[in-house]
Amino acid sequence: MRNKKYYIALDDIERRVIVDCLNQMRNKLIAGGKYTDAVDEVLLKIISAKQKKFKVNKEA
């Protein structure tokens with residue numbers, strides 16, 4: 001079975017906040033002597049994600 005892909009729309013500020021929070025979590029894990037593999041993986045995906053412009057249709 002194929003894994004489902006999920007997409008989220010983030011503006012520049014939201015993206016920076018997510019990267020900052022993940023980096024803080026990673027630093028706490030390092031300070032606690034725990035593994036950071038999962039956080040590293042998500043952080044790399046967020047950083048290397050392509051940015052795509054699109055229009056939002058507000059009419060319902």
For this session: Quick one: name the residues clustered hydrophobically with L44, using the 4.5 Å side-chain heavy-atom rule over I, L, V, M, F, W, Y, and just say none if it's on its own.
Result: none
All N/O donor-acceptor pairs, side-chain side in residues 34-43, below 3.5 Å, sequence neighbours left out:
residue: T36; atom: OG1; partner: D40; partner atom: OD2; Å: 2.9
residue: D40; atom: OD1; partner: R26; partner atom: NE; Å: 2.5

For this session: Answer yes if I30 and V19 sit in the same cluster of Ile, Leu, Val, Met, Phe, Trp and Tyr residues linked by side chain heavy atoms under 4.5 Å apart, and no otherwise.
Result: no
Side-chain polar contacts of residues 10-18 - donor-acceptor pairs under 3.5 angstrom, sequence neighbours left out - could you list them?
residue: D11; atom: OD1; partner: I13; partner atom: N; Å: 3.4
residue: D11; atom: OD1; partner: E14; partner atom: N; Å: 2.9
residue: E14; atom: OE1; partner: D11; partner atom: N; Å: 3.0
residue: R15; atom: NH2; partner: I46; partner atom: O; Å: 3.2
residue: R15; atom: NH2; partner: I47; partner atom: O; Å: 2.9

